[in-house]
Amino acid sequence: GAGVSQSPSNKVTEKGKDVELRCDPISGHTALYWYRQRLGQGLEFLIYFQGNSAPDKSGLPSDRFSAERTGESVSTLTIQRTQQEDSAVYLCASSLGGQGRGGEQYFGPGTRLTVT
Amino acid sequence: AQKVTQAQTEISVVEKEDVTLDCVYETRDTTYYLFWYKQPPSGELVFLIRRNSFDEQNEISGRYSWNFQKSTSSFNFTITASQVVDSAVYFCALSGVTTSGTYKYIFGTGTRLKVLA
């Protein structure tokens, strides 16, 4: 079946503009995660959805970042007033169960965001 | 607090050598899960293995093997007879419950493995 998809694959934006990143998880996966990966770095957890609710938003770096999920499916990560330090690859993953329940995560190919 | 440490930032080996990637974790949970993921140069992370905290039996899958030792809080990954296609960044991860009762999925910083022909 189809894996996790993300769009756009690449996004170049000017500093100060808003961007919206989209994630389509695997059908039936109730848990969805967003991570940020700066060049050559590890994964930085941003937010986790269980269904449509977000029990863990602890990783969002500032109030410029927000995310939502509708219909236990698509999720969007929005970054307002982008800054150059927001440049990174944004990864989305989904799993059958929530965090702590042992479900492996399936990752999308990521969105490479470049803020000029 | 939960933590995953991958002290080796980068390892280079010559093809056909064996290599072990270290992973040390911290958790107060009695029930937790450990994972290894591979991120090849193409960028997409791929799940390799999951172990739960009650199963310390080592696992072998082809050239890959994993050694889980609760006594040392380690979950090491060994590649036998490495190949160039094994070149990637490998991440160790921990899934469990935090002290505040929420669930957490924590990744280590990754180990970049370079296998030279």
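To find a chain, count down the sequence lines: A is the first, B the second, and so on, and within it residues start at 1.
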Peer 1: With a 4.5 angstrom heavy-atom cut-off, which part of B:Gln6 approaches chain A: side chain, backbone, both or neither?
Peer 2: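 Neither part.
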Peer 1: Answer yes if the ring centres of B:Phe107 and A:Phe45 are under 6.0 angstrom apart, and no otherwise.
Peer 2: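 For B:Phe107 and A:Phe45, the ring centres are not under 6.0 Å apart.
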Peer 1: I'd like to know if the side chain of B:Ser82 and the backbone of B:Glu17 have a donor-acceptor N/O pair within less than 3.5 Å.
Peer 2: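 Checked: pair present.
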Peer 1: Please rank B:Leu45, B:Leu34, B:Asn52, B:Leu94 by heavy-atom pairs under 4.5 Å with chain A and give me the top one.
Peer 2: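 Looking at each of B:Leu45, B:Leu34, B:Asn52, B:Leu94 in turn, B:Leu45 comes out on top.
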Peer 1: Classify the angle between the aromatic ring planes of B:Tyr32 and B:Phe68 as parallel (below 30°), tilted (30 to 60°) or perpendicular (above 60°).
Peer 2: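 B:Tyr32 and B:Phe68: perpendicular rings.
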Peer 1: Go through the atoms of A:Gln37 and report whether side chain, backbone, both or neither lie under 4.5 Å from a heavy atom of chain B.
Peer 2: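 Side chain only.
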Peer 1: Do the ring planes of B:Phe77 and B:Trp66 sit parallel (below 30°), tilted (30 to 60°) or perpendicular (above 60°)?
Peer 2: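 Judged by the thresholds at 30° and 60°, the geometry between B:Phe77 and B:Trp66 is parallel.
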